Amino acid sequence: MRLTERIHVVGGSEPGFGRSDPLDAQVYVLETSDGLAVIDSGAGRELPTVLAEVRASGLDTHAIRWLLLTHGHADHAGGAAAWRRELPRVSVLASDPVSGWLTAGDEEATSVDRARVAGIYPPDYRLEPCDVEPLPAGRVAMGDVDVDVLPTPGHAAGHVAFAATVDGALTVFSGDALFPDGRILLQDTWDCDLHAALRSVEALAVLEPERLLAGHGAPVLAGARDHVQRALDRIARLLPPEQLE
């Protein structure tokens with residue numbers, strides 16, 4: 001589904017927006033002058049559905065050059081190996097240390113083991129190892145689009161968000177660092193840190209984005225500053241932002 005002139009949503013579990021496997025976080029595609037960039041992979045169980053949505057959006061799957069991962073949780077990164085098998089030339093990129101965890105298929109570091117026990121993933125779900133390259137610090141140049149890499153830990157260690165001016169609007173792909181309506185997601189995992197999460201929200205607020213494209217929830221295509229401000233208002237009262245349910 002086309003969201004803007006150059007941004008599409010091609011997978012996820014949000015009703016009405018490129019639905020794929022219920023385990024998948026939102027999967028976005030960004031058009032650049034030098035090929036297509038995918039943001040987050042989904043869990044990997046329904047990649048054919050995601051690729052069919054890419055084609056339904058009028059895009060060539062063979063033009064996909066980059067797969068950028070916001071963090072190591074399986075709904076966002078578990079499908080990396082499937083993408084690499086289907087499109088061997090794609091560059092799969094994640095922050096350090098997430099790139100190392102995904103390369104090793106480390107279910108403990110990515111909390112896949114805990115999530116499976118909690119029933120978030122089915123008993124037979126496994127994190128498949130995939131060669132993942134470390135993201136360059138600061139910025140990734142993709143043809144006529146420069147994508148800033150923003151450290152946003154808190155929800156998970158090594159979490160990053162991506163920001164770029166697309167169609168003339170500052171757009172943030174926030175992963176699980178910040179959701180529509182100014183919500184965040186705290187979980188009982190080894191690397192979830194409330195204070196880091198609050199500082200990450202503040203870092204995103206400084207950007208004053210027009211669009212907020214998160215890993216869950218309907219995409220915010222205008223007025224994202226208002227959504228960010230709701231989180232800031234809670235923080236200013238010494239409260240965490242409201243929790244995503």
Side-chain angles (χ1 to χ4, degrees), residues 1-12 17-18 24-42 47 50-51 53-72 76-77 79-96 98-99 102-103 130-152 158-178 203-204 206-215 219-221 224:
M1 171 183 289
R2 183 183 294 274
L3 297 178
T4 76
E5 183 178 349
R6 302 177 72 177
I7 300 173
H8 309 255
V9 59
V10 296
F17 291 95
D24 290 345
Q26 304 278 50
V27 180
Y28 298 100
V29 173
L30 170 62
E31 296 184 56
T32 83
S33 63
D34 201 21
L36 304 176
V38 175
I39 292 88
D40 282 339
S41 70
L47 181 57
V50 175
L51 293 177
E53 184 65 26
V54 173
R55 291 187 288 270
S57 296
L59 303 174
D60 182 358
T61 58
H62 296 288
I64 297 172
R65 292 193 54 194
W66 304 276
L67 172 58
L68 307 181
L69 305 174
T70 58
H71 62 295
H76 293 258
W83 282 88
R84 174 61 62 76
R85 275 195 304 274
E86 185 68 25
L87 300 168
R89 293 184 297 176
V90 69
S91 294
V92 184
L93 301 162
S95 71
D96 188 15
V98 173
S99 58
L102 295 174
T103 298
C130 175
D131 288 336
V132 178
E133 307 166 48
L135 279 159
R139 177 171 290 184
V140 182
M142 299 178 174
D144 60 344
V145 179
D146 290 331
V147 177
D148 291 326
V149 181
L150 309 170
T152 47
H159 192 296
V160 295
F162 302 107
T165 298
V166 185
D167 316 313
L170 184 59
T171 303
V172 170
F173 299 91
S174 59
D176 284 355
L178 182 64
L204 293 176
V206 169
L207 301 176
E208 298 187 344
E210 179 64 18
R211 299 174 181 151
L212 181 67
L213 306 183
V220 177
L221 300 179

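Computed from a predicted structure; not experimentally measured.
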Q: Nearest 0.5 angstrom please: Asp40 CG to Leu213 CG, how far?
A: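 It is 11.5 Å, given to the nearest 0.5 Å.
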Q: Taking all heavy atoms of Gln26 and all of Pro219, pick out the closest pair and write down the distance.
A: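 Minimum heavy-atom contact is NE2-CD, 4.2 Å.
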Q: Do any side-chain atoms of residues 54-62 form donor-acceptor pairs under 3.5 angstrom with protein atoms, and if so which ones, sequence neighbours left out?
A:
| residue | atom | partner | partner atom | Å |
| --- | --- | --- | --- | --- |
| Ser57 | OG | Met1 | N | 3.3 |
| Ser57 | OG | Glu53 | O | 3.0 |
| Asp60 | OD1 | His62 | N | 2.9 |

Q: Between Glu31 and Ile7, is any pair of side-chain heavy atoms under 4.5 Å apart?
A: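 No, their side chains stay 4.5 Å or more apart.
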Q: Before giving the answer on side chain to side chain contact (heavy atoms under 4.5 Å, CB included), spell out for Asp146 and Val140 the whole-Å C-alpha distance, their side-chain angles and the decisive distance to 0.1 Å.
A: CA-CA 6 Å; Asp146 290 331; Val140 182; over 6 Å; no
Q: Val98 versus Leu69: any side-chain heavy-atom pair under 4.5 Å?
A: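 Side-chain contact under 4.5 Å: no.
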Q: Does the side chain of Asp176 come under 3.5 Å of the side chain of His76 through a donor N or O and an acceptor N or O?
A: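 Distance-only check passes for Asp176 and His76.
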Q: Enter the distance from Leu93:CG to Leu135:CG here, rounded to the nearest 0.5 Å.
A: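 Reported to 0.5 Å precision, the distance equals 5.0 Å.
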Q: Atom OG1 of Thr165 and atom CD of Glu210: how far apart are they, to the nearest 0.5 Å?
A: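 One gets 11.0 Å once the value is rounded to the nearest 0.5 Å.
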Q: Tell me, with the steps shown, if Thr4 and Asp167 meet side-chain hydrogen bond (donor to acceptor under 3.5 Å, both in side chains).
A: CA-CA 8 Å; Thr4 76; Asp167 316 313; 2.5 Å; yes
Q: Measure the CZ-NE2 distance between Phe17 and His8 for me, rounded to the nearest 0.5 Å.
A: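 The NE2 atom of His8 is 14.5 Å from CZ of Phe17, to the nearest 0.5 Å.
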Q: Check whether Thr32 reaches the backbone of Leu36 with its side chain - one donor and one acceptor, N or O, closer than 3.5 Å.
A: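 No; judged by distance alone, with no hydrogens or angles, the pair does not exist.
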Q: Between Pro209 and Ala224, what is the shortest heavy-atom contact and its length?
A: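 Answer, listing the atom of Pro209 first, then Ala224: O-CB, 3.4 Å.
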Q: First locate atom CG of Asp96, then atom CD of Glu133, and finally report the distance between them rounded to the nearest 0.5 Å.
A: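 Rounded to the nearest 0.5 Å, the CG-CD separation comes out at 12.5 Å.
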Q: Which distance, rounded to the nearest 0.5 Å, do you find between the CE of Met142 and the CG of Leu68?
A: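 Here the interatomic distance stands at 4.0 Å.
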Q: Output all residues satisfying ring pair (Phe, Tyr, Trp, His ring centres under 6.0 Å) with Tyr28, sequence neighbours left out; order by chain, then residue number.
A: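 Tyr28 satisfies ring pair (Phe, Tyr, Trp, His ring centres under 6.0 Å) with Phe173 only.
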Q: For residues Leu30 and Val147, determine if any side-chain heavy atom of one lies less than 4.5 Å from a side-chain heavy atom of the other.
A: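 They are in side-chain contact.
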Q: Quick one: side-chain hydrogen bond (donor to acceptor under 3.5 Å, both in side chains) partners of Asp148, sequence neighbours excluded?
A: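 Only Arg139 meet the side-chain hydrogen bond (donor to acceptor under 3.5 Å, both in side chains) criterion with Asp148.
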Q: Test Val27 against Val38 for side chain to side chain contact (heavy atoms under 4.5 Å, CB included), laying out the working first.
A: CA-CA 7 Å; Val27 180; Val38 175; 3.7 Å; yes
Q: What is the minimum heavy-atom distance between Ala161 and Thr152, and which atoms define it?
A: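 Reported closest heavy-atom pair: N-OG1, 3.2 Å.
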Q: Could you tell me whether a side-chain N or O of Arg85 sits under 3.5 Å from a main-chain N or O of Pro88, the two making a donor and an acceptor?
A: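 A pair under 3.5 Å: no.
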Q: So, the side chain of Arg65 versus the backbone of Val90: is there a donor-acceptor pair under 3.5 Å, distance only?
A: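 No, because the side chain of Arg65 does not come within donor-acceptor range (under 3.5 Å) of the backbone of Val90.
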Q: Does the Thr70 side chain pair with the main chain of Val160, one donor and one acceptor, at a distance under 3.5 Å?
A: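 Side chain of Thr70 to backbone of Val160: no pair is present.
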Q: List the atom of Ala163, the atom of Leu207, and the distance in Å for their closest heavy-atom pair.
A: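 For Ala163 and Leu207, the tightest heavy-atom pair comes out as CB-CD1, 4.2 Å.
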Q: Ignoring hydrogens and angles, tell me if any N or O in the side chain of Ser33 forms a donor-acceptor pair with the backbone of Asp144 under 3.5 Å.
A: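 Pair found, side chain donor or acceptor close to backbone of Asp144.
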Q: Report yes if some heavy atom in the side chain of Trp83 is under 4.5 Å from a heavy atom in the side chain of Val92; otherwise report no.
A: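 Counting from C-beta outward, Trp83 and Val92 never come under 4.5 Å.
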Q: Tell me whether Ser41 contacts the main-chain N or O of Gly79 through its side chain, where contact means a donor paired with an acceptor under 3.5 Å.
A: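 Yes: the side chain of Ser41 pairs with the backbone of Gly79.
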Q: Would you mind reporting whether Phe162 and Val172 have side-chain heavy atoms less than 4.5 Å apart?
A: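 No; the side chains remain at least 4.5 Å from each other.
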Q: Keeping the roles fixed (side chain from Thr171, backbone from Arg211), state whether a donor-acceptor pair exists under 3.5 Å.
A: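 Between the backbone of Arg211 and the side chain of Thr171 there is no qualifying donor-acceptor contact (under 3.5 Å).
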Q: Which atom names give the shortest non-hydrogen contact between Leu204 and Ala177, and what distance separates them?
A: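 Looks like CD1-CB, 4.2 Å.
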